[in-house]
Protein chains: 2
Amino acid sequence: MGKRAEALELAVLGLLHDAPLHGYELRKRVNSLLGWGRAFSYGTLYPTLKAMVRLNYLAEDEPVDTMVPPASHRSGRRGRIAYRLTPEGKERFAELLTQTGPSAWDDEHFGVHFAFFGRADADTRLRILIGRRSRLQEKLDQFRTSLSRTRERLDAYTVELQRHGLESVEREVKWLDGLISAEQRSMDPSPGATPTPGAGQPPAPVTGNEGENGR
Amino acid sequence: MGKRAEALELAVLGLLHDAPLHGYELRKRVNSLLGWGRAFSYGTLYPTLKAMVRLNYLAEDEPVDTMVPPASHRSGRRGRIAYRLTPEGKERFAELLTQTGPSAWDDEHFGVHFAFFGRADADTRLRILIGRRSRLQEKLDQFRTSLSRTRERLDAYTVELQRHGLESVEREVKWLDGLISAEQRSMDPSPGATPTPGAGQPPAPVTGNEGENGR
DNA sequence: GAATCGATGTATCGAACCGATACATCATGT
DNA sequence: ACATGATGTATCGGTTCGATACATCGATTC
């Protein structure tokens, strides 16, 4: 199926879980959900949607009122197609949510999985976070060794690029550390006391985030 | 030609500028040069190399001694092919170095261009840095608006993901700010005084980098 | 009121690209 | 002797992208 489409599948399932959407809107949400990363194109989205319909994870609805202002006449319209999750789709979503292999913490996958952490159980969350962390740690190590091997013959700009790349990954690791310890704090503290009902809040991540947004 | 292969072309030209290399080694260097980003596969590298040979930017050398320890017998060897830059290749490299459009500050391209800043003139460097900065600023803006539009209905993990993504881009912008002002400082300060000879150092970037690697 | 424009919307195609694999040599270990 | 793993060149099938075609709608403008 391809890594990329795999990530897209999860994103679609997650976004459609609450409400049906049509392709255009779906694409916007997926791409803003992942934000920083590469955007999905229609050439990927529509084939994937069709495949998911074929697998019976999705069903197509012709008329949808979402956002159509007056629901007026529209006779010969080539209407928008709203995609809706089937029961099998919900199962599939639940199944993907519990996955904890590399298919959850790879670069392509981690973002989507994290975005739906609220729907996963604490155990899965922790496993994925830790897996992701060690994945980054690997990258960091081989990075550092390759840097120290060639440090002499690099010009200053190249070095600066490497340094900046390294620093970014290091920050990522620290971010994960905060998230991990927050998760652990919220599941450990006293066995038998308020075991986080239902799905749950993220346990107050330890980022140095001072809120600059009014509201 | 495709954005990705375009970036690869510049990387190959730059790496081969100093010394000939064979494919395997070339790939390793390209991918460690770019570090954080996606790695190039052989399925991209070899076709690109062939295309560049066809365009006469590169020439193939059969026997190469680089790193072959004892240079022993090897009779029926299917030897490594060393790629070497032709004069046309050097021209092409110089041409690509002076480009300052989006093809220099896009996500795909910026890293490679930056890596070879030492070979570009100060003017080009500054234009690319500024272009890159405004590119990121755009992304930042649309990010922030899309966030404030949907802030209410997002669960906490999704918000945290967005926040982290935003912070990363913000850091990137600050990094660029440091580089930009450093460049400006090194070309402006007093017209006629030590105008940075030849290619030059990167002008002491203003990162708050405390070295924590014990070497 | 028609004409232009940009946003919204579905859909597909060719080209670009990746991931896996085949194949071969060599050093090393057992 | 045989396996294992690093080095090395090369290609193929399938995935994914970027561009485009096409269509409807609301707003703006003359």
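For clarity, every value in this text was computed on a predicted model and none was experimentally measured. So that the names make sense, note that chain A is the first sequence line, chain B the second, and so on, each numbered from 1.
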At 4.0 Å (heavy atoms only), tell me whether Gly43(B) reaches a base, stays on the sugar-phosphate, or touches nothing.
base

With a cut-off of less than 4.0 Å, is there a side-chain N or O of Tyr46(A) near OP1 or OP2 of dT10(C)?
yes

Round to a whole Å and report the spacing from CG of Leu49(B) to P of dT9(D).
9 Å

So, is Thr44(A) close to the dT16(D) phosphate, meaning a side-chain N or O under 4.0 Å from OP1 or OP2?
no

Salt-bridge test for Asp107(A) and Arg38(A): reply yes if a basic N is under 4.0 Å from a carboxylate O, no otherwise.
no

Select from Glu6(B) and Pro47(A) the residue whose nearest nucleotide in DNA chain C is closer to the 5' end of that strand.
Pro47(A)

CZ of Phe40(A) versus C1' of dT16(D): gap in Å, rounded?
10 Å

Euclidean distance, atom NE2 of residue His22(B) to atom C1' of dT7(D) [Å, nearest integer]:
8 Å

OP1 or OP2 of dT11(D) sitting under 4.0 Å from any side-chain N/O of Lys50(B)?
yes

Aromatic centroids of Phe114(A) and Tyr157(B) separated by under 6.0 Å:
yes

d(CZ, Arg27(B); P, dC17(C)) in whole Å
15 Å

Distance, rounded to the nearest Å, where Glu60(B) contributes CD and dT9(D) contributes P
10 Å

To the nearest 0.5 Å, atom CD1 of Ile81(B) lies from atom CG of Leu26(B) at 12.5 Å

Would you tell me if any nitrogen or oxygen in the side chain of Tyr24(B) comes within less than 4.0 Å of OP1 or OP2 on dT7(D)?
yes

What's the closest nucleotide to the side chain of Glu25(B) if the choices are dG9(C), dG8(D), dT12(C)?
dG8(D)

At less than 4.0 Å, is any side-chain N or O atom of Arg4(A) found next to OP1 or OP2 of dC17(D)? Yes or no.
yes

Without decimals, in angstroms, what is the distance between Leu45(B) CG and dG8(D) C1'?
12 Å

Which of parallel (below 30°), tilted (30 to 60°) and perpendicular (above 60°) describes His164(B) and Trp175(A)?
parallel

For Tyr42(A) and for Ala5(A), locate the closest nucleotide of DNA chain D by heavy-atom distance; then report the residue assigned to the nucleotide nearer the 5' terminus.
Ala5(A)

When the distance from CD of Glu108(B) to P of dG18(D) is rounded to whole Å, what number comes out?
8 Å

Between atom NZ in Lys3(B) and atom C1' in dC17(D), what is the gap in whole Å?
10 Å

Check for me whether Arg119(A) meets the cation-pi criterion with Phe93(A), that is, NZ or CZ under 6.0 Å from the six-membered ring centre and within 45 degrees of the ring axis.
no

